[in-house]
There are 2 protein chains.
Amino acid sequence: MAVDHPESPTPGTVRPGGRTARVRTAVLRAAEDALVEHGFAGLDLGDIAQRAEVGRTTVYRRWGSTTALVADLLADMAEQSLPRTHSGSLTEDLRANARLVRRTLADPRQGALFRAVIVAANCDAGAAEALQRFYRVRIAEWAPCVAEAVERGELPADTDPAEVVRAVSAPLYYRMFTTADPLDEAAADRAAAAAEAAARAGAYRR
Amino acid sequence: MAVDHPESPTPGTVRPGGRTARVRTAVLRAAEDALVEHGFAGLDLGDIAQRAEVGRTTVYRRWGSTTALVADLLADMAEQSLPRTHSGSLTEDLRANARLVRRTLADPRQGALFRAVIVAANCDAGAAEALQRFYRVRIAEWAPCVAEAVERGELPADTDPAEVVRAVSAPLYYRMFTTADPLDEAAADRAAAAAEAAARAGAYRR
DNA sequence: ATCCTAACGGAATTGGAGTCCCGTTAAGGG
DNA sequence: CCCTTAACGGGACTCCAATTCCGTTAGGAT
(Lines give C-alpha, C1' and ligand atoms only; values in the text may rest on other atoms or scores of the structure.)
Protein backbone atom coordinates (compact mmCIF):
# COMPACT_ATOMS: atom_id res chain seq x y z
CA MET A 1 0.00 0.00 0.00
CA ALA A 2 2.33 2.75 1.27
CA VAL A 3 1.84 5.83 -0.90
CA ASP A 4 -1.03 5.86 -3.34
CA HIS A 5 0.54 5.98 -6.78
CA PRO A 6 0.69 9.73 -7.46
CA GLU A 7 0.91 9.47 -11.25
CA SER A 8 4.29 8.95 -12.88
CA PRO A 9 5.80 12.17 -14.30
CA THR A 10 4.92 11.45 -17.91
CA PRO A 11 3.56 8.03 -18.81
CA GLY A 12 5.79 6.15 -21.21
CA THR A 13 9.05 7.81 -20.24
CA VAL A 14 10.06 5.67 -17.28
CA ARG A 15 9.51 2.27 -18.80
CA PRO A 16 9.64 2.68 -22.59
CA GLY A 17 9.77 -1.06 -23.19
CA GLY A 18 8.14 -3.17 -25.89
CA ARG A 19 4.52 -2.73 -24.98
CA THR A 20 4.79 1.01 -24.40
CA ALA A 21 6.50 1.57 -27.75
CA ARG A 22 3.98 -0.70 -29.47
CA VAL A 23 1.12 1.32 -28.02
CA ARG A 24 2.67 4.61 -29.09
CA THR A 25 3.14 3.65 -32.73
CA ALA A 26 -0.29 2.04 -32.90
CA VAL A 27 -1.93 5.17 -31.52
CA LEU A 28 0.05 7.52 -33.79
CA ARG A 29 -0.94 5.46 -36.84
CA ALA A 30 -4.54 5.48 -35.72
CA ALA A 31 -4.41 9.23 -35.12
CA GLU A 32 -3.07 9.73 -38.63
CA ASP A 33 -5.92 7.68 -40.09
CA ALA A 34 -8.50 9.51 -38.01
CA LEU A 35 -7.11 12.92 -39.02
CA VAL A 36 -7.22 11.97 -42.68
CA GLU A 37 -10.80 10.75 -42.38
CA HIS A 38 -12.46 13.29 -40.09
CA GLY A 39 -9.99 16.19 -39.93
CA PHE A 40 -8.82 17.74 -36.72
CA ALA A 41 -12.21 19.09 -35.68
CA GLY A 42 -13.83 15.66 -35.85
CA LEU A 43 -11.11 13.99 -33.84
CA ASP A 44 -12.25 11.69 -31.02
CA LEU A 45 -9.73 10.10 -28.69
CA GLY A 46 -12.13 7.21 -28.05
CA ASP A 47 -12.28 6.48 -31.76
CA ILE A 48 -8.49 6.57 -32.01
CA ALA A 49 -8.20 4.16 -29.08
CA GLN A 50 -10.51 1.70 -30.81
CA ARG A 51 -8.60 1.89 -34.11
CA ALA A 52 -5.33 1.32 -32.24
CA GLU A 53 -6.94 -1.53 -30.28
CA VAL A 54 -5.93 0.21 -27.08
CA GLY A 55 -7.91 1.31 -24.04
CA ARG A 56 -9.43 4.79 -24.12
CA THR A 57 -7.89 5.44 -20.74
CA THR A 58 -4.41 4.85 -22.08
CA VAL A 59 -4.76 7.51 -24.75
CA TYR A 60 -6.17 10.02 -22.31
CA ARG A 61 -3.44 9.27 -19.78
CA ARG A 62 -0.46 9.45 -22.14
CA TRP A 63 -1.50 12.35 -24.33
CA GLY A 64 -4.44 13.94 -22.56
CA SER A 65 -5.69 16.05 -25.46
CA THR A 66 -6.06 15.84 -29.21
CA THR A 67 -3.59 18.70 -29.67
CA ALA A 68 -0.89 16.96 -27.61
CA LEU A 69 -1.39 13.84 -29.69
CA VAL A 70 -1.00 15.80 -32.91
CA ALA A 71 2.14 17.46 -31.53
CA ASP A 72 3.60 14.01 -30.87
CA LEU A 73 2.58 12.90 -34.35
CA LEU A 74 4.38 15.92 -35.81
CA ALA A 75 7.53 15.07 -33.89
CA ASP A 76 7.29 11.61 -35.40
CA MET A 77 6.73 13.00 -38.91
CA ALA A 78 9.74 15.32 -38.60
CA GLU A 79 11.98 12.28 -38.13
CA GLN A 80 10.99 10.87 -41.52
CA SER A 81 12.32 13.81 -43.54
CA LEU A 82 12.60 13.23 -47.27
CA PRO A 83 16.10 13.67 -48.74
CA ARG A 84 16.67 16.61 -51.05
CA THR A 85 17.86 16.32 -54.63
CA HIS A 86 21.43 17.07 -55.78
CA SER A 87 21.02 17.97 -59.43
CA GLY A 88 23.70 20.65 -59.34
CA SER A 89 21.25 23.09 -60.94
CA LEU A 90 19.33 25.61 -58.84
CA THR A 91 16.47 25.60 -61.33
CA GLU A 92 16.17 21.82 -61.20
CA ASP A 93 16.46 21.57 -57.42
CA LEU A 94 13.85 24.23 -56.76
CA ARG A 95 11.51 22.62 -59.24
CA ALA A 96 12.05 19.22 -57.65
CA ASN A 97 11.22 20.73 -54.24
CA ALA A 98 8.12 22.46 -55.56
CA ARG A 99 6.90 19.27 -57.20
CA LEU A 100 7.52 17.28 -54.02
CA VAL A 101 5.51 19.78 -51.96
CA ARG A 102 2.81 19.84 -54.61
CA ARG A 103 2.57 16.07 -54.69
CA THR A 104 2.35 15.94 -50.91
CA LEU A 105 -0.40 18.53 -50.64
CA ALA A 106 -2.36 17.16 -53.60
CA ASP A 107 -2.26 13.58 -52.34
CA PRO A 108 -5.63 12.82 -50.72
CA ARG A 109 -4.12 11.24 -47.66
CA GLN A 110 -1.06 13.43 -47.09
CA GLY A 111 -2.90 16.60 -48.06
CA ALA A 112 -5.68 15.96 -45.58
CA LEU A 113 -3.11 15.17 -42.92
CA PHE A 114 -1.26 18.44 -43.50
CA ARG A 115 -4.44 20.48 -43.39
CA ALA A 116 -5.45 18.82 -40.16
CA VAL A 117 -2.07 19.31 -38.59
CA ILE A 118 -1.97 23.00 -39.49
CA VAL A 119 -5.43 23.42 -38.04
CA ALA A 120 -4.26 21.77 -34.82
CA ALA A 121 -1.28 24.11 -34.66
CA ASN A 122 -3.69 27.02 -34.70
CA CYS A 123 -5.63 25.63 -31.76
CA ASP A 124 -2.79 24.87 -29.36
CA ALA A 125 0.60 26.34 -28.52
CA GLY A 126 2.27 22.94 -28.12
CA ALA A 127 1.12 21.75 -31.52
CA ALA A 128 2.20 25.08 -33.00
CA GLU A 129 5.72 24.63 -31.68
CA ALA A 130 5.84 21.07 -33.02
CA LEU A 131 4.73 22.31 -36.43
CA GLN A 132 7.40 25.02 -36.46
CA ARG A 133 10.00 22.42 -35.59
CA PHE A 134 8.74 20.22 -38.42
CA TYR A 135 9.10 22.98 -40.99
CA ARG A 136 12.50 24.01 -39.64
CA VAL A 137 13.68 20.46 -40.36
CA ARG A 138 12.15 20.42 -43.81
CA ILE A 139 13.58 23.81 -44.79
CA ALA A 140 17.01 22.93 -43.40
CA GLU A 141 17.04 19.82 -45.60
CA TRP A 142 16.64 21.82 -48.80
CA ALA A 143 18.43 25.06 -47.93
CA PRO A 144 21.84 23.66 -49.03
CA CYS A 145 20.59 23.59 -52.65
CA VAL A 146 20.35 27.36 -52.50
CA ALA A 147 23.52 27.81 -50.45
CA GLU A 148 25.45 25.89 -53.11
CA ALA A 149 23.98 28.10 -55.82
CA VAL A 150 25.21 31.10 -53.87
CA GLU A 151 28.68 29.57 -53.66
CA ARG A 152 28.64 28.97 -57.41
CA GLY A 153 27.89 32.66 -57.85
CA GLU A 154 24.41 32.06 -59.31
CA LEU A 155 22.75 34.14 -56.60
CA PRO A 156 23.79 37.27 -54.68
CA ALA A 157 26.28 36.49 -51.91
CA ASP A 158 24.06 37.50 -48.97
CA THR A 159 20.99 35.55 -50.14
CA ASP A 160 19.12 33.83 -47.30
CA PRO A 161 18.81 30.19 -48.44
CA ALA A 162 15.97 29.29 -46.07
CA GLU A 163 13.92 32.25 -47.30
CA VAL A 164 14.23 31.05 -50.89
CA VAL A 165 13.08 27.55 -49.96
CA ARG A 166 10.13 28.98 -48.05
CA ALA A 167 9.29 31.12 -51.09
CA VAL A 168 8.84 27.94 -53.13
CA SER A 169 6.31 26.42 -50.72
CA ALA A 170 4.41 29.57 -49.81
CA PRO A 171 2.29 29.98 -52.97
CA LEU A 172 1.33 26.30 -52.92
CA TYR A 173 0.08 26.46 -49.34
CA TYR A 174 -1.63 29.78 -49.97
CA ARG A 175 -3.39 28.34 -52.98
CA MET A 176 -4.51 25.28 -51.04
CA PHE A 177 -6.02 27.39 -48.27
CA THR A 178 -7.67 30.17 -50.23
CA THR A 179 -8.84 28.68 -53.51
CA ALA A 180 -10.61 25.57 -54.73
CA ASP A 181 -8.35 25.26 -57.77
CA PRO A 182 -6.50 21.96 -57.98
CA LEU A 183 -2.80 22.08 -57.15
CA ASP A 184 -1.38 21.00 -60.50
CA GLU A 185 2.20 20.59 -61.60
CA ALA A 186 2.05 23.87 -63.53
CA ALA A 187 1.43 25.67 -60.25
CA ALA A 188 4.44 23.94 -58.72
CA ASP A 189 6.70 24.89 -61.62
CA ARG A 190 5.46 28.47 -61.49
CA ALA A 191 6.22 28.64 -57.76
CA ALA A 192 9.75 27.36 -58.34
CA ALA A 193 10.36 29.73 -61.26
CA ALA A 194 9.03 32.72 -59.30
CA ALA A 195 11.21 31.97 -56.28
CA GLU A 196 14.26 31.60 -58.48
CA ALA A 197 13.59 34.83 -60.39
CA ALA A 198 13.07 36.76 -57.16
CA ALA A 199 16.23 35.25 -55.66
CA ARG A 200 18.30 36.17 -58.72
CA ALA A 201 16.93 39.72 -58.50
CA GLY A 202 18.19 39.88 -54.91
CA ALA A 203 14.81 39.94 -53.17
CA TYR A 204 15.95 37.50 -50.50
CA ARG A 205 19.14 39.21 -49.38
CA ARG A 206 19.54 39.43 -45.61
CA MET B 1 -54.77 26.30 -34.62
CA ALA B 2 -54.82 24.55 -38.00
CA VAL B 3 -51.31 23.42 -39.03
CA ASP B 4 -48.54 23.36 -36.48
CA HIS B 5 -45.88 25.79 -37.65
CA PRO B 6 -43.61 23.63 -39.83
CA GLU B 7 -40.45 25.79 -39.64
CA SER B 8 -40.01 28.74 -41.98
CA PRO B 9 -37.64 28.00 -44.92
CA THR B 10 -34.66 29.91 -43.51
CA PRO B 11 -35.17 32.07 -40.43
CA GLY B 12 -34.50 35.73 -41.06
CA THR B 13 -35.30 35.75 -44.77
CA VAL B 14 -39.06 36.28 -44.67
CA ARG B 15 -39.20 39.11 -42.16
CA PRO B 16 -35.77 40.79 -42.13
CA GLY B 17 -37.05 43.73 -40.09
CA GLY B 18 -35.37 45.69 -37.31
CA ARG B 19 -35.18 42.99 -34.67
CA THR B 20 -33.93 40.28 -37.02
CA ALA B 21 -31.19 42.51 -38.41
CA ARG B 22 -30.24 43.63 -34.89
CA VAL B 23 -29.91 40.02 -33.77
CA ARG B 24 -27.77 39.13 -36.78
CA THR B 25 -25.24 41.91 -36.26
CA ALA B 26 -25.14 41.32 -32.50
CA VAL B 27 -24.43 37.62 -33.03
CA LEU B 28 -21.81 38.23 -35.73
CA ARG B 29 -20.01 40.72 -33.48
CA ALA B 30 -20.16 38.26 -30.60
CA ALA B 31 -18.87 35.47 -32.84
CA GLU B 32 -15.96 37.67 -33.88
CA ASP B 33 -15.09 38.36 -30.26
CA ALA B 34 -15.37 34.70 -29.34
CA LEU B 35 -13.17 33.65 -32.27
CA VAL B 36 -10.52 36.18 -31.29
CA GLU B 37 -10.57 35.00 -27.69
CA HIS B 38 -10.88 31.22 -27.97
CA GLY B 39 -10.16 30.46 -31.62
CA PHE B 40 -12.39 28.30 -33.76
CA ALA B 41 -11.86 25.11 -31.78
CA GLY B 42 -13.06 26.68 -28.53
CA LEU B 43 -16.18 28.13 -30.10
CA ASP B 44 -19.42 27.59 -28.20
CA LEU B 45 -22.75 28.75 -29.62
CA GLY B 46 -24.13 29.09 -26.10
CA ASP B 47 -21.32 31.47 -25.18
CA ILE B 48 -21.90 33.51 -28.33
CA ALA B 49 -25.61 33.76 -27.55
CA GLN B 50 -24.83 35.11 -24.09
CA ARG B 51 -22.36 37.69 -25.42
CA ALA B 52 -24.92 38.83 -27.99
CA GLU B 53 -27.64 38.88 -25.30
CA VAL B 54 -29.71 36.59 -27.43
CA GLY B 55 -31.34 33.22 -26.73
CA ARG B 56 -29.30 30.09 -27.40
CA THR B 57 -32.19 28.72 -29.39
CA THR B 58 -32.06 31.66 -31.78
CA VAL B 59 -28.44 31.06 -32.67
CA TYR B 60 -28.99 27.33 -33.16
CA ARG B 61 -32.09 27.96 -35.27
CA ARG B 62 -30.62 30.60 -37.59
CA TRP B 63 -27.12 29.20 -38.04
CA GLY B 64 -27.18 25.70 -36.66
CA SER B 65 -23.44 25.14 -36.50
CA THR B 66 -20.29 27.05 -35.71
CA THR B 67 -19.05 26.62 -39.28
CA ALA B 68 -22.24 28.09 -40.76
CA LEU B 69 -21.90 31.04 -38.42
CA VAL B 70 -18.30 31.60 -39.51
CA ALA B 71 -19.37 31.35 -43.15
CA ASP B 72 -21.93 34.10 -42.55
CA LEU B 73 -19.30 36.17 -40.76
CA LEU B 74 -17.01 35.80 -43.78
CA ALA B 75 -19.76 36.97 -46.10
CA ASP B 76 -20.13 40.00 -43.85
CA MET B 77 -16.37 40.63 -43.84
CA ALA B 78 -16.19 40.42 -47.64
CA GLU B 79 -18.59 43.36 -47.87
CA GLN B 80 -16.21 45.61 -46.00
CA SER B 81 -13.40 45.37 -48.55
CA LEU B 82 -10.62 47.91 -48.15
CA PRO B 83 -10.01 50.14 -51.18
CA ARG B 84 -6.75 49.64 -53.04
CA THR B 85 -4.16 52.36 -53.59
CA HIS B 86 -3.65 54.23 -56.87
CA SER B 87 -0.06 55.38 -56.69
CA GLY B 88 0.58 54.83 -60.39
CA SER B 89 3.68 52.80 -59.54
CA LEU B 90 3.61 49.01 -59.46
CA THR B 91 6.35 48.92 -56.82
CA GLU B 92 4.43 51.27 -54.55
CA ASP B 93 1.08 49.56 -55.00
CA LEU B 94 2.44 46.09 -54.30
CA ARG B 95 4.26 47.35 -51.24
CA ALA B 96 1.13 49.09 -50.01
CA ASN B 97 -0.80 45.84 -50.46
CA ALA B 98 1.87 43.81 -48.67
CA ARG B 99 1.95 46.25 -45.76
CA LEU B 100 -1.82 46.20 -45.50
CA VAL B 101 -1.88 42.41 -45.36
CA ARG B 102 0.99 42.42 -42.88
CA ARG B 103 -0.75 44.92 -40.63
CA THR B 104 -3.93 42.86 -40.73
CA LEU B 105 -2.24 39.57 -39.84
CA ALA B 106 0.03 41.12 -37.20
CA ASP B 107 -2.84 42.88 -35.45
CA PRO B 108 -3.74 40.81 -32.39
CA ARG B 109 -7.44 40.97 -33.05
CA GLN B 110 -7.56 40.73 -36.84
CA GLY B 111 -4.75 38.19 -36.96
CA ALA B 112 -6.49 35.88 -34.52
CA LEU B 113 -9.70 36.29 -36.47
CA PHE B 114 -8.05 35.34 -39.75
CA ARG B 115 -6.38 32.30 -38.25
CA ALA B 116 -9.68 31.16 -36.78
CA VAL B 117 -11.54 31.69 -40.01
CA ILE B 118 -8.99 29.73 -42.02
CA VAL B 119 -9.22 26.92 -39.50
CA ALA B 120 -12.99 26.91 -39.89
CA ALA B 121 -12.63 26.70 -43.66
CA ASN B 122 -10.62 23.55 -43.22
CA CYS B 123 -13.36 21.94 -41.14
CA ASP B 124 -16.39 22.62 -43.30
CA ALA B 125 -17.15 22.90 -47.00
CA GLY B 126 -19.55 25.82 -46.57
CA ALA B 127 -17.01 27.87 -44.64
CA ALA B 128 -14.37 26.95 -47.22
CA GLU B 129 -16.52 28.32 -50.02
CA ALA B 130 -17.17 31.51 -48.06
CA LEU B 131 -13.44 31.94 -47.50
CA GLN B 132 -12.70 31.45 -51.20
CA ARG B 133 -15.31 34.07 -52.02
CA PHE B 134 -13.73 36.43 -49.51
CA TYR B 135 -10.29 36.11 -51.08
CA ARG B 136 -11.70 36.39 -54.58
CA VAL B 137 -13.13 39.79 -53.58
CA ARG B 138 -9.88 40.89 -51.97
CA ILE B 139 -7.74 39.82 -54.92
CA ALA B 140 -10.12 41.39 -57.43
CA GLU B 141 -9.85 44.71 -55.59
CA TRP B 142 -6.06 44.85 -56.03
CA ALA B 143 -5.60 43.07 -59.38
CA PRO B 144 -6.15 46.31 -61.38
CA CYS B 145 -2.86 47.69 -59.98
CA VAL B 146 -1.08 44.92 -61.81
CA ALA B 147 -3.31 45.08 -64.89
CA GLU B 148 -2.46 48.77 -65.24
CA ALA B 149 1.24 48.01 -64.97
CA VAL B 150 0.80 45.50 -67.78
CA GLU B 151 -0.91 48.18 -69.88
CA ARG B 152 1.94 50.59 -69.17
CA GLY B 153 4.28 47.93 -70.50
CA GLU B 154 6.03 47.38 -67.15
CA LEU B 155 5.17 43.68 -67.14
CA PRO B 156 4.86 41.02 -69.87
CA ALA B 157 1.57 41.32 -71.76
CA ASP B 158 0.13 37.97 -70.72
CA THR B 159 0.84 38.38 -67.00
CA ASP B 160 -1.97 37.10 -64.75
CA PRO B 161 -2.73 40.04 -62.43
CA ALA B 162 -4.51 37.96 -59.78
CA GLU B 163 -1.55 35.60 -59.56
CA VAL B 164 0.81 38.48 -58.84
CA VAL B 165 -1.44 39.81 -56.08
CA ARG B 166 -1.65 36.34 -54.57
CA ALA B 167 2.13 36.07 -54.73
CA VAL B 168 2.38 39.11 -52.47
CA SER B 169 0.19 37.61 -49.74
CA ALA B 170 1.42 34.03 -49.92
CA PRO B 171 4.75 34.40 -48.10
CA LEU B 172 3.12 36.40 -45.31
CA TYR B 173 0.48 33.75 -44.67
CA TYR B 174 3.05 30.96 -44.96
CA ARG B 175 5.25 32.69 -42.43
CA MET B 176 2.36 33.20 -40.02
CA PHE B 177 1.44 29.52 -40.16
CA THR B 178 4.83 27.85 -40.09
CA THR B 179 7.10 30.05 -38.00
CA ALA B 180 6.99 31.95 -34.73
CA ASP B 181 8.87 34.93 -36.18
CA PRO B 182 7.00 38.21 -35.95
CA LEU B 183 5.51 39.51 -39.19
CA ASP B 184 7.47 42.75 -39.48
CA GLU B 185 7.36 45.40 -42.17
CA ALA B 186 10.63 44.13 -43.65
CA ALA B 187 8.91 40.81 -44.39
CA ALA B 188 6.08 42.68 -46.11
CA ASP B 189 8.46 44.73 -48.26
CA ARG B 190 10.42 41.59 -49.14
CA ALA B 191 7.21 39.85 -50.22
CA ALA B 192 6.25 42.78 -52.44
CA ALA B 193 9.73 43.03 -53.97
CA ALA B 194 9.87 39.29 -54.65
CA ALA B 195 6.46 39.25 -56.33
CA GLU B 196 7.43 42.21 -58.48
CA ALA B 197 10.77 40.69 -59.50
CA ALA B 198 9.15 37.38 -60.39
CA ALA B 199 6.42 39.16 -62.36
CA ARG B 200 8.96 41.22 -64.32
CA ALA B 201 10.84 38.01 -65.10
CA GLY B 202 7.63 36.59 -66.56
CA ALA B 203 6.98 33.93 -63.90
CA TYR B 204 3.26 34.74 -63.79
CA ARG B 205 2.45 34.56 -67.46
CA ARG B 206 -0.67 32.58 -68.31
C1' DA C 1 12.48 -17.60 -11.32
C1' DT C 2 10.30 -14.02 -8.59
C1' DC C 3 8.80 -9.60 -7.27
C1' DC C 4 7.64 -4.76 -7.76
C1' DT C 5 5.27 -1.43 -9.99
C1' DA C 6 4.72 1.20 -14.47
C1' DA C 7 1.48 1.00 -17.72
C1' DC C 8 -2.75 -0.82 -19.58
C1' DG C 9 -8.00 -1.75 -19.94
C1' DG C 10 -13.05 -2.22 -18.89
C1' DA C 11 -16.84 -0.04 -16.84
C1' DA C 12 -19.28 3.53 -14.43
C1' DT C 13 -19.69 8.58 -13.88
C1' DT C 14 -19.95 13.20 -15.14
C1' DG C 15 -20.41 17.42 -17.54
C1' DG C 16 -21.67 20.26 -21.08
C1' DA C 17 -22.87 21.06 -25.93
C1' DG C 18 -26.77 20.53 -28.89
C1' DT C 19 -31.96 19.84 -29.21
C1' DC C 20 -36.82 20.28 -28.23
C1' DC C 21 -41.08 22.30 -26.33
C1' DC C 22 -43.98 25.81 -25.82
C1' DG C 23 -45.02 30.46 -24.29
C1' DT C 24 -43.81 35.55 -25.56
C1' DT C 25 -42.58 39.48 -28.42
C1' DA C 26 -42.77 42.47 -32.20
C1' DA C 27 -42.58 42.90 -37.67
C1' DG C 28 -45.48 44.38 -41.13
C1' DG C 29 -49.93 44.29 -43.73
C1' DG C 30 -54.76 45.75 -43.51
C1' DC D 1 -54.99 50.77 -34.49
C1' DC D 2 -55.47 45.80 -34.65
C1' DC D 3 -54.47 41.15 -36.18
C1' DT D 4 -51.60 37.53 -37.91
C1' DT D 5 -47.59 35.03 -37.54
C1' DA D 6 -42.39 35.16 -38.10
C1' DA D 7 -38.97 35.19 -35.02
C1' DC D 8 -37.29 35.18 -30.35
C1' DG D 9 -36.38 33.23 -25.46
C1' DG D 10 -36.21 30.38 -21.21
C1' DG D 11 -35.79 25.99 -19.43
C1' DA D 12 -35.97 21.00 -19.52
C1' DC D 13 -34.09 17.01 -21.83
C1' DT D 14 -30.86 14.07 -24.49
C1' DC D 15 -26.71 12.19 -25.75
C1' DC D 16 -21.98 11.38 -26.12
C1' DA D 17 -17.15 12.67 -25.33
C1' DA D 18 -14.07 13.34 -21.38
C1' DT D 19 -12.85 11.74 -16.92
C1' DT D 20 -12.33 8.74 -12.94
C1' DC D 21 -12.04 4.28 -10.46
C1' DC D 22 -10.00 0.24 -9.64
C1' DG D 23 -8.58 -4.31 -11.02
C1' DT D 24 -5.19 -6.61 -14.51
C1' DT D 25 -1.04 -7.25 -17.30
C1' DA D 26 3.64 -7.23 -18.32
C1' DG D 27 8.51 -4.61 -18.38
C1' DG D 28 12.71 -5.05 -16.21
C1' DA D 29 15.61 -5.38 -12.11
C1' DT D 30 17.47 -8.61 -8.64
Side-chain angles (χ1 to χ4, degrees), chain A residues 1-28 30-31 34-35 37-70 72 120 123-124, chain B residues 1-28 30-31 34-35 37-70 72 120 123-124:
Chain A
M1 11 170 74
V3 253
D4 54 1
H5 319 249
E7 300 288 315
S8 61
T10 324
T13 56
V14 179
R15 195 188 274 185
R19 180 167 63 162
T20 297
R22 223 158 33 238
V23 166
R24 176 168 183 258
T25 56
V27 171
L28 290 186
L35 279 176
E37 273 185 45
H38 309 304
F40 177 72
L43 215 53
D44 170 19
L45 292 193
D47 171 53
I48 291 173
Q50 261 191 328
R51 288 169 188 259
E53 294 180 307
V54 151
R56 280 186 291 291
T57 316
T58 300
V59 180
Y60 281 108
R61 192 168 24 226
R62 284 190 61 179
W63 289 278
S65 67
T66 53
T67 52
L69 181 53
V70 170
D72 196 21
C123 298
D124 176 81
Chain B
M1 3 181 77
V3 256
D4 53 3
H5 319 246
E7 302 287 315
S8 60
T10 324
T13 55
V14 179
R15 195 189 274 186
R19 181 166 63 162
T20 296
R22 226 162 24 241
V23 165
R24 177 169 182 259
T25 56
V27 170
L28 290 187
L35 279 176
E37 273 184 47
H38 309 303
F40 177 71
L43 215 54
D44 170 21
L45 291 193
D47 171 53
I48 290 172
Q50 263 190 328
R51 288 171 189 258
E53 295 181 305
V54 153
R56 279 186 296 290
T57 315
T58 300
V59 179
Y60 279 107
R61 190 165 28 222
R62 284 190 61 178
W63 289 278
S65 67
T66 53
T67 51
L69 181 51
V70 170
D72 196 20
C123 299
D124 177 81

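Here the structure is a predicted model, which means the values were calculated and not measured. A note on names: the letters A, B, ... follow the listed sequences, proteins ahead of strands, and every chain is numbered from 1.
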* Minimum-distance nucleotide to Arg61(A) side chain [options: dC22(D), dA18(D), dA17(C)] -> dC22(D)
* Could you give the angle between the helix axes at the two ends of the helix from dA1(C)-dT30(D) to dG30(C)-dC1(D), with five pairs per end, rounded to 10 degrees? -> 40°
* Asked: Which heavy-atom pair separates Ala34(B) from Asp47(B) by the least distance, and what is that distance?
  -> CB-OD2, 4.1 Å
* In whole Å, what is the span from the CG atom of Leu45(B) to the P atom of dT19(C)? -> 9 Å
* To do: In whole angstrom, give the distance that lies between atom CG of Asp47(B) and atom P of dG18(C).
  => 11 Å
* To do: Let me know the distance between CG of Leu69(B) and P of dG18(C), rounded to the nearest Å.
  => 12 Å
* To do: Write down the distance between CZ (Arg24(A)) and P (dA7(C)), rounded to a whole number of angstrom.
  => 14 Å
* Closest nucleotide among dG11(D), dA26(C), dC8(C) to the Thr57(B) side chain -> dG11(D)
* To do: Starting at CG of Leu69(B), measure out to CG of Leu35(B) and round the result to the nearest 0.5 Å.
  => 7.5 Å
* To do: Assess whether one donor atom and one acceptor atom, taken from the side chain of Arg56(A) and the base of dT19(D), lie less than 3.5 Å apart.
  => no
* To do: Mind running side-chain contact (heavy atoms from CB on, under 4.5 Å) on Arg62(B) and Val23(B) for me, showing each step along the way?
  => CA-CA 10 Å; Arg62(B) 284 190 61 178; Val23(B) 165; 4.0 Å; yes
* Just how far, in rounded Å, is P of dT19(D) from CH2 of Trp63(A)? -> 15 Å
* What's the CD-C1' distance between Glu53(A) and dG10(C), to the nearest Å? -> 15 Å
* To the nearest Å, how far apart are Tyr60(A) OH and dT14(C) C1'? -> 13 Å
* **Which atom of Ala68(A) lies closest to which atom of Trp63(A), heavy atoms considered** => CB-O, 3.2 Å
* Structure fact -> Here the distance between atom P of dA17(D) and atom CG of Asp44(B), to the nearest Å, is 17 Å
* Determine whether any donor atom in the side chain of Thr20(A) lies under 3.5 Å from an acceptor atom in the base of dG27(D), or the reverse, and answer yes or no. => no
* Asked: When you match Arg22(B) and Gly55(A) each to their closest nucleotide on DNA chain C, which lands nearer the 5' end?
  -> Gly55(A)
* Taking side chain as C-beta onward, heavy atoms only, is Asp72(A) less than 4.5 Å from Arg24(A)? -> yes
* **Flag if over 12 foreign heavy atoms under 6.0 Å of CZ, Arg56(B)** => no
* Asked: What are the two closest heavy atoms between Thr67(A) and Ala120(A), and how far apart are they?
  -> CG2-O, 4.4 Å
